[in-house]
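Keep in mind that what you see is a predicted model, and the values were worked out from it rather than measured. Read the numbers this way: they start at 1 and go in the same order the structure lists the ligands and their atoms.
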Amino acid sequence: MATDTEREFRAGIVALGGRSNVGKSTLLNRLVGRKVAIVTPRPQTTRGRIMGVRTDRDAQLLILDTPGIHDSPKDLNRRMVDNARRALGEGEVILGVVEAGAKLDPRDRAALGELVKIGAPLVIVINKVDRHPRENLLPLIEELSREFPGREIVPVSALRGENLDELLATVKAMLPESPALMPEDEYTDQTERMIAAEVIREKIFLKMRQEIPFSSAVRIEKFVEETERGLKRISAVIVIERESHKGMVIGAGGRTLKEIGTAARLELEKLLDARVYLELVVRVEPNWTRDPRKMSELGL
Ligand SMILES: Nc1nc2c(ncn2[C@@H]2O[C@H](COP(=O)(O)OP(=O)(O)O)[C@@H](O)[C@H]2O)c(=O)[nH]1
Ligand SMILES: [Mg+2]
């Protein structure tokens, strides 16, 4: 019988790929067991590489979330796709996430085609099975196995946490034998500053319409811990591109900005396990989405 010390342990980097909005970030949060990546109903929410860590008795997964691969002439979007490609290149296993449906979405086919080219072992994950009738699943699996022969295909619902055990077993079997790569209690490589900026950005995505979310960013200017009071004081700037957007983000009597701030603060208090004092201001920085230095300073 195998004793604990004989049992093999596996560890490695698992990268999530696929087009925007298929549920990569939701899947990451599920696999980690807590929120490490922001999620919204809108595409292009994720901008950079975000690592979540899952440690089990038999394996440790360093899971990389990536922005969706998409075509766009915009500098900001190109940078997001570059970030995605770089992170995907790190994957020892790639999870190619597609959406369930009666047929394979052509955009998912294209995304999988790109992921195959990277060359790392690829698992195809059919997500959102909860949204579609069961009888659609088999034809979709057949279509995928015809087009991408020899690949493991695992249907899941990231939202409901369905069939993740099968996905985990499949992925673990593909990882190399290795001791843990991160401390066991670590769940992300993001700093609290980064988490704060992302959560504020999520609330902007949820509150604002049109292109405002896509052309805004968040800069944390101050992050002070008052440990003895269990308080974190955060000052953040919402960076937007156009003067005409300023009034919309602030809202009549400052209402919209206040709602963004309150939603962000409440969530941050949970995530950072502390009381949070959040000060938010809006600043116009024309053309930041075209300025490489600004973009990297804003975490892109
Ligand atoms: N019904 C359903 N919705 C999901 C599932 N996974 C993700 N979503 C939703 O799809 C949208 C995009 O999710 P997100 O994780 O941000 O996608 P990403 O752009 O690939 O990272 C959000 O509204 C999620 O709540 C799922 O398994 N079932
Ligand atoms: Mg995402």
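- Salt bridge status for Arg134 with Glu162: present, with a side-chain N to carboxylate O gap under 4.0 Å.
- Note: an N/O pair closer than 3.5 Å links Lys24 and ligand 1 by distance alone.
- When hydrogens are left out, the protein atom nearest atom 10 (O) of ligand 1 is Lys128 NZ, 3.0 Å; that is the closest non-hydrogen contact.
- In the hydrophobic clustering of this structure, Leu168 groups with Tyr187; members are Ile, Leu, Val, Met, Phe, Trp, Tyr whose side-chain heavy atoms approach within less than 4.5 Å, directly or through other members.
- Looking only at protein heavy atoms, the nearest one to atom 15 (O) of ligand 1 is Thr26 OG1, 2.6 Å.
- Put simply, the side chain of Leu144 reaches to within 4.5 Å of the side chain of Ile126, judged on heavy atoms.
- Glu221 and Ser235 are not linked by any side-chain donor-acceptor pair at a separation below 3.5 angstrom, with hydrogens and angles left out of the test.
- The backbone N or O of Leu104 sits less than 3.5 Å from a side-chain atom of Glu143, completing a donor-acceptor pair.
- Proximity of Arg131 to ligand 1, defined as any heavy-atom pair under 4.0 Å, is confined to the side chain (atoms from C-beta onward).
- Among protein heavy atoms, the minimum distance from atom 19 (O) of ligand 1 is reached at Asn21 N, 2.7 Å.
- The residue from Lys294, Arg242, Arg290 that alone fulfils the salt bridge (charged side-chain N to carboxylate O under 4.0 Å, His left out) condition with Glu285 is Lys294.
- Considering backbone and side-chain N/O atoms, Val156 never comes within less than 3.5 Å of an N/O atom of ligand 1.
- When side chains are defined from C-beta on, Arg107 does not count as touching His70, because their heavy atoms never get closer than 4.5 Å.
- Taking CG of Leu112 as the reference point, atom CZ of Phe148 lies at 4.5 Å (rounded to 0.5 Å).
- Distance from atom 17 (O) of ligand 1 to its nearest protein heavy atom, with residue and atom name: Gly23 N, 3.1 Å.
- For Thr46, the nearest N, O or S atom to the Mg ion (ligand 2) falls under 2.8 Å.
- For ligand 1, the polar-atom distance check against Val129 finds no nitrogen or oxygen pair separated by under 3.5 Å.
- A salt bridge links Arg255 with Glu259; the closest basic N to acidic carboxylate O contact falls under 4.0 Å.
- Formation of a donor-acceptor pair under 3.5 Å by the Asn29 side chain with backbone atoms of Ala37 is found in this model.
- Regarding atom 6 (N) of ligand 1, its nearest protein heavy-atom neighbour is Asn127 ND2, 3.1 Å.
- Of the protein's non-hydrogen atoms, the one nearest atom 23 (O) of ligand 1 is Pro41 CA, 3.4 Å.
- Backbone or side-chain N, O or S atoms of Thr26 do not reach the Mg ion (ligand 2) at under 2.8 Å.
- Atoms of ligand 1 lying under 4.0 Å from at least one heavy atom of Ser157, given by number and element, are 27 (O).
- Considering backbone and side-chain atoms together, Ala158 places an N or O closer than 3.5 Å to an N or O of ligand 1.
- Of the polar atoms of Val39, none of the N or O atoms is found under 3.5 Å from an N or O of ligand 1, judged by distance alone.
- Contacts between Thr40 and ligand 1, counted as non-hydrogen atom pairs separated by less than 4.0 Å, involve the backbone only.
- Looking at Arg79 and Pro292, their side chains come closer than 4.5 Å, going by heavy atoms from C-beta outward.
- The distance criterion of under 3.5 Å between nitrogen or oxygen atoms is not met by Ser20 with respect to ligand 1.
- If you look at Asp130 next to ligand 1, the close heavy atoms, those under 4.0 Å, all belong to the side chain.
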